[in-house]
Amino acid sequence: MAGVALCLWVVAAWVLMVTLRGRQTWYAAGGLIVTGVPLLVWLGRSMGAGWLLVGVAILALVLRWPLRYALRWARGLLR
């Protein structure tokens, strides 16, 4: 069931990518992160660590720009 939920999350991310423009995408990314983290926990608890890593990779691929922005921001704080 968690795998199906992950697939639906990817479809929802795609629909948001196609329909939203500009600054709206950052709000959508925040919503995807808020829903994706509990989904990863559910995936890891129900299907194991291997599938958890697959889920993390999928979320990182879908949310690559917010992830890059967060990494740049974190590097700026460390300097």
Side-chain angles (χ1 to χ4, degrees):
M1 195 68 177
V4 173
L6 182 63
C7 291
L8 291 175
W9 184 90
V10 170
V11 169
W14 177 79
V15 168
L16 289 172
M17 178 199 67
V18 170
T19 58
L20 299 179
R21 297 283 180 239
R23 292 182 60 92
Q24 295 173 338
T25 57
W26 287 102
Y27 298 118
L32 288 171
I33 291 168
V34 167
T35 58
V37 171
L39 181 61
L40 286 177
V41 171
W42 182 27
L43 189 69
R45 290 182 58 89
S46 66
M47 298 181 78
W51 283 102
L52 174 65
L53 292 175
V54 170
V56 168
I58 289 171
L59 264 70
L61 286 171
V62 171
L63 297 170
R64 63 186 171 270
W65 287 108
L67 184 61
R68 288 178 184 172
Y69 181 77
L71 290 173
R72 282 188 214 145
W73 179 77
R75 273 192 235 143
L77 287 179
L78 295 175
R79 290 183 185 173

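Remark: Thr25 pairs with no residue by the side-chain hydrogen bond (donor to acceptor under 3.5 Å, both in side chains) rule, at least two apart or across chains. Listed by chain and number, the residues in a ring-ring contact (aromatic ring centres under 6.0 Å, His included) with Tyr27 amount to none (sequence neighbours excluded).
Hydrophobic clustering, with ILVMFWY side chains joined whenever heavy atoms are under 4.5 angstrom apart, groups Leu59 together with Met1.
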Per-pair distances, 0.1 Å, donor-acceptor, side chain in residues 30-51, under 3.5 Å, sequence neighbours excluded:
{"unit_1": "Thr35", "atom_1": "OG1", "unit_2": "Trp9", "atom_2": "NE1", "d": "3.2"}
{"unit_1": "Thr35", "atom_1": "OG1", "unit_2": "Gly31", "atom_2": "O", "d": "3.0"}
{"unit_1": "Thr35", "atom_1": "OG1", "unit_2": "Leu32", "atom_2": "O", "d": "3.2"}
{"unit_1": "Ser46", "atom_1": "OG", "unit_2": "Trp42", "atom_2": "O", "d": "2.9"}

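Ile58 pairs with exactly one of Val56, Leu61, Val54 by the side chain to side chain contact (heavy atoms under 4.5 Å, CB included) rule, that one being Val54.
Arg72 contributes atom CZ, which lies 10.5 Å from atom CG of Leu67 (distance to the nearest 0.5 angstrom).
Across all non-hydrogen atoms, the minimal contact from Met17 to Arg21 is O-NH1, 3.7 Å.
Cation-pi geometry between Arg23 and Trp26 is not met: the NZ or CZ atom fails to fall both under 6.0 Å from the ring centre and inside 45° of the normal.
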